[in-house]
Every structure is written in C-alpha cells, then in structure tokens.
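All chains are named by letter (A, B, ...) in the order of the sequence lines, taking the proteins before the strands, and each is independently numbered beginning at 1.
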Protein chains: 2
Amino acid sequence: MQSSAVARTAIGDSEAEYRPTSSKGRLSATSAAFGYAPSAATQPANERGGLAAGAALAGQVLRFDEGRAIYANGDTIRSFYKVMSGVVRTCLITSDGRRQIDGFHAEGEIFGLEAGGEHRLAAEAVTDCVVVAYRWSGLEAFDGSEGDTALTVFGFAMKCLKRSQAHALLLGRRSAAQKLAAFLLDWANRGTGECVDLAMTRQDIADYLGLTIETVSRTMSQFERDKLIALPSSRHVVLRNRYALQDLVD
Amino acid sequence: MQSSAVARTAIGDSEAEYRPTSSKGRLSATSAAFGYAPSAATQPANERGGLAAGAALAGQVLRFDEGRAIYANGDTIRSFYKVMSGVVRTCLITSDGRRQIDGFHAEGEIFGLEAGGEHRLAAEAVTDCVVVAYRWSGLEAFDGSEGDTALTVFGFAMKCLKRSQAHALLLGRRSAAQKLAAFLLDWANRGTGECVDLAMTRQDIADYLGLTIETVSRTMSQFERDKLIALPSSRHVVLRNRYALQDLVD
DNA sequence: CGCATACTTGAACAATGTCAACCTGTGTGG
DNA sequence: CCACACAGGTTGACATTGTTCAAGTATGCG
C-alpha cells in the first residue's frame, strides 16, 4: 500500500528555472523569494504560512501501488508533491461520470500545487510510484515586512494556475452548450445580478471555448429559445435561469 | 494610443484600495487623467484582496485602445500586469492561422505571468483599457541566501502554470490526430530516443486529450498505417517520423 | 485453459464545422 | 434625413469528425 519515511531532500535540485528576463542579473534571485499562502483569504492560518527561506525542506517519502489514490477530490491541501519514480495523474470526475485528466506527472515533476483550501483534483498512481510530500505546515512562516509583496505575487501565480486548470477542464470533452453555459456563468459571477455585458465578440468567445463562431451563435440562440437567457442585444445577456445553466455545467 | 505614468500602488491591494482619492498624490493625478474610477463592486470578495499587502511597488500605468497589442508573442518578459479597467485577452495564433484564447482578464485580474524568457502568448486589449505593469526588475525587496527555497517553490508554480496553459491550448479546437501527436511528442521529449513506453491506458490518454478511447485507438492505428509510428505493443510506441508528427502539431 | 482486462475495429449516428446567404445596427457621406 | 457600406451576428444546408454501440481480438494471469 503505502509506506513512508522522512527524508531530508533538497527540494530545489536546480529545477528552479524560473527566470523572467533580467537585464539586471540579480533579478532571478530577487524577484522570486515568494512566500506561499494558498489562498490566504480563505484559509486558517495554521495551514498556511509562508516558506522558510533557506531551509532545506524535509519531505515525507510515500509509496503508492498502481491505481491507489494519493489524495482525493475535496481533501484538505496539506502538501505538494514531487514524483521520484513512476507516473501520477491528477484528475476530476464530473457529475455525469466522465473523468477529465488534468495532467500526468512523471519523475521529477511537481503536482498537487493548487490554490484554495482543498484539492479540486484527485491524484492517483498510474503506475507503482514513489513521491515525496512537502507539507506546507512544515514550512516556517516568512513574515518579515518584505514578505508581503512576495506572498502577494505568489498568490497571483496560484490564481493564474487555478484559472488555467479550470480552462483546461472546461475544454476537454464538454458540449458546446456546457462550454457556453460555463462561460456565461463565469462572467455573471464577476458582476452582480443577472445581466452580463460581454466585452468581446462572438469570435473571441469561440476562440476561447474551442468552438466556431457559428456554433457559439447557434447555442446562444438555443439558450434564448429555451428561456435560459434573454438577449436584448447580442452583447447583452440576461440570465433568466441561472440554475438550469449551472446544471448544464456540473 | 498609449500613455503612461509611474504610480506607486500597493500591488496586493484590492481594487478598492487603488483609489484616486489615495493620499498618494501621484496616483490621484494619474487616475484622473484617465478618467479611471475603480469599482469595488465588480469583484467578489473571495477572489480579491485577502493577500497580505503592504509593500508598495511602483507600477507603470498604461492605457490601450481597443484592439491594440499590449505585448506580442515572442516579446521578452519584463513585467506582469494587472487590469485596472477594461478587458484584456491573452492568446496564441497557431501556424494554421487559428487563434486560441488562453483567457480573458477583467478588472482586478493579473495577466502576463509566464515562465520562461519570452511571452508565448500575446496580450491584446479587448476594450479600451488601463493596466498597470509591474516590472520584474523593479522587484528587489528580497535577496540573499534565504531566497533559495521560496524561489524554488515559486518556480514550481510557474512550471505548473506553463503546463496547464499548454494543456488548455492543446484541447481547444485541435483534431484528434493533432492532440495525439502532441501527446506522443511530449512523452518522447521526456525520455531519450524514439521509443516511448506509455505508462497509462488508452482510457487515461482519452481522458487527458478530451477524446474517447475508441478515437485514441483508431488514431493510433492510423498513425501506424501512415508509418508515423510503430506499435510493437499497445503501450510501446516507436516514433518513426518525428518530424511529420511535429508538423501535425504546429 | 479459461477468464478478465485492455485494446481494436466496424457501422450507424449525433454534434460540430464549413460554406454560403442573409440580417441588423452603426457610422459616413451625399 | 436618407442611402450606403461595413462589420458583427444569425441562420440554413450540407460535410466532416468524433461518439456511441456493438462485436471481435490480443494479452496477461489465475
């Protein structure tokens, strides 16, 4: 099943290749000392805490047999992981029983980095594998006064990651209606009320959802016929039945 | 087209704190010049703020007319951005002329965070908009030996983000053959040589690529008939014509 | 050897893309 | 104020792709 041992491992191993261009050379060292707070806004402090600068991380070595769950959808986020051997998949089961795989993670790769308090994706062993879990709670707080900005920028990266993952899951094997419903709900949630003013053209929407402009237009018209939305004008959408739209998505 | 001014803004603040009435006089002047009036109501509370803020960063306020490029594919990464008003899209033009939109970014959202030295995605103004550019080279608050671990973890997040973006782009409006070719090349690039041992089932591949198991199987067989690959066994793939596969993807 | 699981193949079907025509609102110039 | 052009959007007919359902073929393991 699963055995474990604490191991002192140097987490970095020259993998930190992040380097957004430095004309100043120092940049890579200075710009990224970012503490981490997976959604500090919504989480209790005891689970968070920034990164201890400098300390080598103690990771817990875990072994999983093929097919076993490493963590499940909904589990509290306590760690992120690195694959030492084998392959891991991160995936989501949709309400209609379909499975969407977010990614495969092979030796040396990191998985389990998610924003928010709990895992939206499950992780499972594709093959027998060994992973190292790095607990967030084991990391010392990074709370110097300068830490705030770093924390913030790290939070930005995590938020971008969350959005990107959601986008990928939206694009995989969902119908045009599901994609468009999700899109409209997304924009409705950014504003207040049931009115959505779309800033973009049908072509933009199509290119975002991986559809053609004609399909977007037809689906929008169908939603209107089905009284899910009203379309006072092509860019102005009124949600008439948000719950039915939500049902399409889930 | 584009005018700019340096403003001292607290980067992690919610939009509500980026207000023209700020005691920071320069900001007030800048915002007034653009007729910018932030609206705290447009963002759900749980999506913004929350991050400890405090360290001020100098952001450059930029204004773009509808349709203008903010940065292009291939540009050197110098900054990341925050939308103050309007909507921005980040997108990629594929070699066959199709456009894939990675995301839309509305007021308060961050874009332009990418791993690597140059932007793989272009950013364009969907509407007239105001954004703040935060230059990486301006982030010098942190340095020294303490930064190593934090730097590493930040790098992990950026790498995950990169993979997730690539996955989303792969899923949008690409044929089964293109998806599978990209998948095989991805795994081929993780190993050495032309032999790929697939750790996962056809079902896993299908769920990753947003296809059915039958389509994956058929496409694989077609690749074999076309002599793009050899299939000594179903999990063992030999790339016989990597360039032709690459051509499918690009 | 026989069963179970993974995989492949075929045929019918549904969803979406493609091509083409046609609206509709908006701005411009007469 | 109207005529016109133009861009964005909608709709219809048909083609294509991928899915679904069903059957059949390895392959591995007791």
Side-chain angles (χ1 to χ4, degrees), chain A residues 65-67 87 89 94 96-101 126-128 170-181 183-184 196-226 229-237 248, chain B residues 65-67 87 89 94 96-101 126-127 170-184 196-226 229-237 248:
Chain A
D65 286 345
E66 176 180 331
V87 176
R89 65 176 172 249
T94 60
D96 60 354
R98 282 177 177 167
R99 185 182 61 162
Q100 312 225 43
I101 293 184
V126 173
T127 63
D128 290 354
L170 177 62
L171 292 177
R173 217 129 110 65
R174 297 186 109 98
S175 69
Q178 288 178 310
K179 290 176 179 177
L180 190 61
F183 178 80
L184 292 175
V196 182
D197 278 305
L198 297 174
M200 68 292 292
T201 66
R202 293 284 188 269
Q203 186 66 60
D204 283 331
I205 299 173
D207 290 344
Y208 179 67
L209 298 178
L211 299 169
T212 58
I213 184 177
E214 292 94 334
T215 299
V216 171
S217 187
R218 266 187 262 271
T219 306
M220 204 79 93
S221 299
Q222 188 61 49
F223 280 177
E224 190 180 24
R225 279 191 293 276
D226 295 344
I229 63 173
L231 278 172
S233 79
S234 67
R235 301 286 187 97
H236 196 82
V237 181
L248 277 177
Chain B
D65 286 344
E66 177 179 330
V87 176
R89 64 174 173 250
T94 60
D96 60 353
R98 282 175 177 168
R99 186 181 61 163
Q100 311 224 44
I101 293 183
V126 173
T127 63
L170 176 63
L171 292 177
R173 214 125 112 64
R174 297 187 110 98
S175 68
Q178 288 179 310
K179 289 177 179 178
L180 190 61
F183 179 79
L184 292 174
V196 182
D197 278 306
L198 297 174
M200 69 291 292
T201 66
R202 294 282 189 269
Q203 186 65 60
D204 283 331
I205 299 173
D207 291 343
Y208 179 68
L209 298 178
L211 299 168
T212 57
I213 184 176
E214 292 95 334
T215 298
V216 171
S217 186
R218 267 186 260 272
T219 306
M220 204 79 93
S221 300
Q222 188 60 50
F223 280 177
E224 190 181 26
R225 280 192 291 276
D226 295 345
I229 62 174
L231 279 171
S233 78
S234 68
R235 302 284 187 100
H236 196 83
V237 181
L248 276 177

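Annotation: proximity of residues 200-209 of chain A to DNA chain C (heavy atom, distance under 4.0 Å) is found for no residue. For residues 212-224 of chain A, proximity to DNA chain D is found at A:Glu214, A:Ser217, A:Arg218, A:Ser221, defined as any non-hydrogen atom under 4.0 angstrom from a strand atom.
Taken to the nearest 0.5 Å, the OG1 atom of A:Thr127 stands 10.0 Å off from the CG atom of A:Asp65. For the atom pair B:Thr201 OG1 and B:Arg235 CZ, the distance stands at 6.0 Å (nearest 0.5 Å). Summarising the geometry, atom CD belonging to B:Gln203 is positioned 4.5 Å from atom CD1 belonging to B:Ile213; distances are rounded to the nearest 0.5 Å. With rounding to the nearest 0.5 angstrom, the CZ atom of B:Arg202 is 12.5 Å from the CG atom of B:Leu211. For the atom pair B:Arg99 CZ and B:Thr94 OG1, the distance stands at 11.0 Å (nearest 0.5 Å). Going from atom CG of A:Leu171 over to atom NZ of A:Lys179 covers 5.5 Å, rounded to the nearest 0.5 Å.
For the pair A:Asp96 CG and D:dT20 P, the interatomic distance rounds to 10 Å; values are reported in whole Å. The CZ atom of A:Arg235 sits 14 Å away from the P atom of D:dA7 (whole-angstrom rounding). Regarding A:Arg225, its CZ atom lies at a distance of 10 Å from the C1' atom of D:dT10, rounded to whole Å.
Every residue meeting the salt bridge (Lys or Arg N to Asp or Glu O under 4.0 Å) condition with A:Arg89, not counting sequence neighbours, appears here in chain and number order: A:Glu124, B:Asp204. Partners of B:Gln222 under the side-chain hydrogen bond (donor to acceptor under 3.5 Å, both in side chains) rule, at least two apart in sequence or in another chain, are B:Arg225, B:Asp226.
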Practice task
Summarise how protein sits on nucleotides 24-30 of chain D as a single string, 5' to 3': B when a protein heavy atom is under 4.0 Å from the base, S for sugar-phosphate-only contact, - for no contact.
Solution key: -------
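Scanning DNA chain C 5' to 3' for nucleotides with an atom closer than 4.0 angstrom to a non-hydrogen atom of chain B gives a first and last hit of C:dA6 to C:dT18.
With contacts defined as side-chain heavy-atom distances shorter than 4.5 Å, the pair A:Leu209/B:Arg173 does not qualify.
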Exercise for the section: Would you please test A:Phe183 and A:Val216 for side chain to side chain contact (heavy atoms under 4.5 Å, CB included) and show each step? Expected result: CA-CA 11 Å; A:Phe183 178 80; A:Val216 171; over 6 Å; no
Exercise for the section: Show your reasoning for whether side chain to side chain contact (heavy atoms under 4.5 Å, CB included) applies to B:Leu198 and B:Met220. Expected result: CA-CA 13 Å; B:Leu198 297 174; B:Met220 204 79 93; 4.2 Å; yes
Exercise for the section: Show your working on side chain to side chain contact (heavy atoms under 4.5 Å, CB included) between A:Ile205 and A:Leu180 and close with a plain yes or no. Expected result: CA-CA 8 Å; A:Ile205 299 173; A:Leu180 190 61; 4.1 Å; yes
Practice task
Test side chain to side chain contact (heavy atoms under 4.5 Å, CB included) on B:Arg98 and B:Arg174 and set out the steps.
Solution key: CA-CA 10 Å; B:Arg98 282 175 177 168; B:Arg174 297 187 110 98; over 6 Å; no
